[in-house]
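Contents: one structure, followed by commentary.
Just so it is clear, the values below take in all heavy atoms, side chains as well, and ignore hydrogens, waters and symmetry mates. Position 1 is the first residue of the sequence, and the numbers go up from there.
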Amino acid sequence: KLLQEGQNYLFVTSHQGENREVRTYSDLTIVKDTVPPSLEAKANSFAFSPNDDGKFDEIAYRLRSSEKGRVNFMLTDADNKNLYSTEIPVSGHEEVKLIWRGGSFDLYRVDQKTGVFTLAATLPISEKVSDGQFRASVFAFDEAGNISGNQIDNWSWTPPLPLQSPPLP
């Protein structure tokens, strides 16, 4: 039984039979990790209208896990049909940005030299996405397999409304 959460050290010494002059030594580090990672997941908007008019054309999601592992992001429609799913490898406390622009997601990582988010990958959505309600589910796994709580956001993809003039007198 491991004694504590975190790093545990095991030291072993041995000798061969009655010969006490020859000893071998070995050590082993065992990590006990039962604590799930914490997850930060923040969207910049919950309204979405990707028609290139400059208003609500994208949703930027900032994701950060407290531990090295993977962040899972899933997008489903109102009928709970899976539209998109990705698993993003992350370092501990690394922030990534996932931007939905209608037909694809762009994954941005922070450049270690400049500190600026740079495009790492464009991830197309294989399903046709139409107007309606969507749910984003985000959770993280650490290297030990512990899972964070699931964070769920609901988004609305709405077509732009035509401008209506008030009735003339």
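Under the 4.5 Å side-chain heavy-atom criterion for grouping Ile, Leu, Val, Met, Phe, Trp and Tyr, Ile88 is not connected to Tyr108 through any hydrophobic cluster. Placement of Leu83 and Ile59 within a single hydrophobic cluster is found when ILVMFWY residues are connected by side-chain heavy-atom separations under 4.5 Å, directly or transitively. Linking Ile, Leu, Val, Met, Phe, Trp and Tyr residues whenever their side-chain heavy atoms come within less than 4.5 Å leaves Phe139 and Tyr61 in two separate clusters. No continuous path of hydrophobic side-chain contacts links Val110 to Val71 [ILVMFWY only; heavy atoms under 4.5 Å].
By the side chain to side chain donor-acceptor pair (under 3.5 Å) test, Ser14 is found to be paired with Thr24, residues two or more places apart in sequence or in another chain being considered. For Ala78, the side-chain contact (heavy atoms from CB on, under 4.5 Å) criterion is met by Gln133, not counting sequence neighbours. Qualifying side-chain contact (heavy atoms from CB on, under 4.5 Å) partners for Ser26, counting only residues two or more places apart in sequence or in other chains: none. With sequence neighbours excluded, the residues forming a salt bridge (charged side-chain N to carboxylate O under 4.0 Å, His left out) with Glu94 are Arg109, listed by chain and number. Residues passing the side chain to side chain donor-acceptor pair (under 3.5 Å) test with Ser148: none are found, sequence neighbours excluded. A search for salt bridge (charged side-chain N to carboxylate O under 4.0 Å, His left out) contacts involving Asp106 returns Arg101, not counting sequence neighbours. Partners of Asn146 according to the side-chain contact (heavy atoms from CB on, under 4.5 Å) rule, which considers only residues two or more places apart in sequence or in another chain, are Asp33, Pro36, Pro37, Asp142, Ala144. In this view, Lys113 satisfies the salt bridge (charged side-chain N to carboxylate O under 4.0 Å, His left out) rule with no residue, not counting sequence neighbours. Every residue two or more places apart in sequence or in another chain that forms a side chain to side chain donor-acceptor pair (under 3.5 Å) with Thr34 is listed here: Glu5. Residues that satisfy the side chain to side chain donor-acceptor pair (under 3.5 Å) test with Thr29, not counting sequence neighbours, are absent from this structure.
Considering only heavy atoms from C-beta on, Arg62 stays 4.5 Å or farther from Glu40 through its side chain. Between Val138 and Leu63, the closest side-chain pair of non-hydrogen atoms falls below 4.5 Å. When side chains are defined from C-beta on, Val96 counts as touching Leu107, because their heavy atoms get closer than 4.5 Å.
Proximity of the aromatic rings of Trp100 and Phe73 is defined here by a centroid distance below 6.0 angstrom, and this criterion is not met.
Applying the salt bridge (Lys or Arg N to Asp or Glu O under 4.0 Å) test to every pair with at least one member in residues 66-79, sequence neighbours left out, gives these pairs: Lys68-Glu143, Arg70-Glu87. The ring pair (Phe, Tyr, Trp, His ring centres under 6.0 Å) pairs that include a residue from residues 80-99 are Tyr84-Phe105, where partners are two or more places apart or lie in different chains.
Checked by atom type and distance alone, the side chain of Ser66 pairs as donor or acceptor with a backbone atom of Ser38 at under 3.5 Å.
When all heavy atoms are compared, the tightest approach of Leu119 to Ala121 is CD1-O, 3.5 Å. Across all non-hydrogen atoms, the minimal contact from Arg135 to Asn80 is NH1-OD1, 4.5 Å. A pairwise comparison of heavy atoms in Phe117 and Glu95 identifies CE2-O, 3.7 Å as the closest pair.
We find the NZ-OG1 distance between Lys97 and Thr118 to be 10.0 Å, quoted to the nearest 0.5 Å. For the atom pair OG (Ser137) and CG (Asn150), the distance works out to 5.0 Å, reported to the nearest 0.5 Å. Ser91 contributes atom OG, which lies 12.0 Å from atom CZ of Arg64 (distance to the nearest 0.5 angstrom). In this structure, Leu75 CG and Ser85 OG are separated by 9.5 Å, a value rounded to the nearest 0.5 Å.
Between Phe11 and Tyr9, the ring planes are parallel. Angles under 30° get that label, and only those over 60° would be called perpendicular.
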